[in-house]
There are 2 protein chains.
Amino acid sequence: MPKPVARDQRPTIQDVAALAGLSPSTVSRVLSGARPVGPDIAERVRQAADALSFRPNTVARSLRTQQTSTVGLVIPDIINPFFPLLVQAVERATREHDLSVLLVDCGNEPERETSALDLLLDRRVDAIFISPCHSTASAPALRSASRRARIVQIDRVADDQLPFAIVDQGHGIQLLLEHLTATGRQHIAFIGSDPSASTSSLRADAFERFSVAQNPRQSPRVMTGDFSGASSASITRSLLEQWPDTEAIVCANDVIAAGALLVARERRLEGLPGFAVTGFDNTMVAETGDLTSVQQPLSELANRAVDLFLGVAATEPPPLLPTLVVRGSTGPR
Amino acid sequence: MPKPVARDQRPTIQDVAALAGLSPSTVSRVLSGARPVGPDIAERVRQAADALSFRPNTVARSLRTQQTSTVGLVIPDIINPFFPLLVQAVERATREHDLSVLLVDCGNEPERETSALDLLLDRRVDAIFISPCHSTASAPALRSASRRARIVQIDRVADDQLPFAIVDQGHGIQLLLEHLTATGRQHIAFIGSDPSASTSSLRADAFERFSVAQNPRQSPRVMTGDFSGASSASITRSLLEQWPDTEAIVCANDVIAAGALLVARERRLEGLPGFAVTGFDNTMVAETGDLTSVQQPLSELANRAVDLFLGVAATEPPPLLPTLVVRGSTGPR
DNA sequence: CTGAAAGCGCTAACAC
DNA sequence: GTGTTAGCGCTTTCAG
């Protein structure tokens, strides 16, 4: 257990007050700028404060003010390369409001997600930003946590009665399909990922919708894999066996796309010129793998989550729109 | 500013005590298991506690005990795909000791790193785990923070007088070179990354050392790029121009390797059979890019950091050894 | 504009 | 084994 490592005692606001010959309240007011204070007095306080190199104890402050200036961020899996991007965006957005981030990765397990919520509530975070790992299993815990702290769903949603900040997944798929047909691909297939993530199922739904709309005579070519790169390769192989005339594969995320691209590359040797593969999320994997992908507006997403928390944005505005990033994986050959 | 959203009042330990007809201290003792308590009494407390669905306020507890059960984790850049792996490992290791993680990403800027340390100290974290973004610029802030809290450097080090948990970078390079020569590559080049990260310079140094040892007549072929994928492609091109008979490129990380591999793939069309590229860190990028890479033992690394913090490991044990992960990028053609 | 005093919710001495 | 009391370090009424 974290034993209390004996460090040098740190000065308190009382010490500063004593040194400056003033009362603790005055010192507090100067340091937090809560109320007007005589300029000369303010100066004396500041002198004393940094003579002692005083730093306020935020734990005590939190107890008194009932605010921790902390948001909990619960994510499904930091290894999924989308989430580092989200974490970064949330970190930036919250930093601007002097909020810190307490991060919990639930490893895609709803039970751990539930205990993460409890943990964060016990720590009295001001808000919890959560990307629910499961579209149904996550809902009850969310609902109950929402009675104790402000909950904002970010990116994924499990309970549409609770606040959320999201990106229009369908629009992303639409951009991809338009790009692919504009570059001459007719027979387009889709490899989905675990549909228990709300974003995954929205992407799959959108594919079916737009696919039917663009090409009514062809029934949607859809397969579903799990998140690992290895599985996506084998799924790609069976997909190409089942529909050998496929000219493009839209994948539910960049990792799956990378696996598909590996297979496509093998096959190109056997004659599949102009074959295209697309990813989703525009992660580092898309960058390094030269994958066409869809970029979500993450700063805006994070800002919106913060606004929702602050009560600046009262109702849910329409979802944010993602953009297309074209790279070599959909280039002509 | 985070305004105090009015939520329902949460019960305190006093409420539980009142309901159970006992004193607050007794309740506290039962809930924290600090001291022996009559079994019947304990039961009464538990009943009352979950009748009110009481949850202890950890902020108050922290103020009283002077421990926050929190570690700060400061990383250079979460977009660098190595760091999500590190964050995950630290999260796991700390969770086992009921510690939470306050994450700060300093975006490779030493000044932000410094303010991150202040922030975490103000929050009275029990320890700070840090992967210093700069091998020299990070040192002073680290040193001064170490007077106020336990600092443990993890993965990278800026001040070798302060505790650190590290992996033997040189051994990783050695494994790669042995593998490459064993598979018949003679002329091997290296593309390094920003040497201000301690790990980067250690990898570069090791390359030069082992390269000279293995092939004394050939002077080391070394170039240095920055972290972006785009730059690594152009560096690879100039490298291949300068040393056209190069058969393998060892890269300081997976991202650079992915860029190099793209170029190698173009060139293969122009006749470079059996060309090999290797990465480092075995990130998602290596997985998706079919890159041979070096895997660092991250769980052990994180555990060691925790042990160092707890004082279980007093002195620095020898660095941990990484392992080789062979994939297609070094396969025969 | 400044000071005195109370109290956030918990735990740790100290009594009994 | 249990209760009483004080206090962690800060902010905030309330007086002046």
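First the proteins, then the strands, lettered A, B, ... as listed; each starts at 1.
Position along DNA chain D of the nearest nucleotide to B:Ile41 versus A:Arg35 favours B:Ile41 as the more 5'-ward residue. Nearest-nucleotide mapping onto DNA chain D: of B:Arg64 and B:Val37, the residue sitting toward the 5' end is B:Val37.
We find that CZ of B:Arg44 is positioned 13 Å from C1' of D:dG3, with the value rounded to whole Å. When the P atom of C:dA12 is taken as reference, atom CD of B:Gln66 falls 11 Å away, rounded to whole Å. Put simply, CD on A:Gln14 is 13 Å from P on C:dA5, counting in whole angstrom units. Remark: P of C:dG3 and CD1 of A:Ile13 are 13 Å apart, rounded to the nearest angstrom. Atom pair B:Leu31:CG and C:dC10:C1' shows a separation of 11 Å (rounding to whole Å applied). Atom CG of A:Asp40 and atom P of C:dT2 are 7 Å apart (whole Å). In this structure, B:Gln67 places its CD atom 21 Å from P of C:dG9, rounding to the nearest Å. Atom-to-atom, CZ of B:Arg61 to P of D:dG9 comes out at 18 Å; the value is rounded to the nearest Å.
Between the side chain of B:Arg44 and the main chain of B:Ala20, a donor-acceptor pair closer than 3.5 Å is present. A:His97 places no side-chain N or O within 3.5 Å of a backbone atom of A:Leu99 that could act as its donor or acceptor partner.
The phosphate of D:dT2 has neither OP1 nor OP2 within less than 4.0 Å of any side-chain N or O from B:Ser25.
For A:Pro56, taking side-chain heavy atoms from C-beta onward, the closest of the listed nucleotides C:dT2, D:dC10, C:dA4 is D:dC10. Closest approach to the B:Leu63 side chain among C:dC10, C:dG9, C:dG3 is made by C:dG9 (side chain taken as heavy atoms from C-beta onward). Across D:dG9, D:dT11, D:dG3, the shortest atom-to-atom separation from the side chain of A:Ala60 is found for D:dG9. Relative to the side chain of A:Ser23, the nucleotides D:dC10, D:dT12, C:dA4 differ in distance, and C:dA4 lies closest.
Residue contacts shown for A:Thr12 are limited to sugar-phosphate atoms, with no base heavy atom under 4.0 Å away.
One can find a donor-acceptor pair under 3.5 Å joining the base of D:dG3 and the side-chain atoms of B:Arg29.
Nearest approach of B:Leu121 to A:Arg10, heavy atoms of both residues: O-NH1, 3.5 Å. Considering every non-hydrogen atom in both B:Pro56 and A:Arg124, the closest pair reads O-NH1, 3.7 Å.
Salt-bridge annotation for B:Arg92 and B:Glu96: absent, with no side-chain N of the basic residue lying under 4.0 Å from a carboxylate O of the acidic one.
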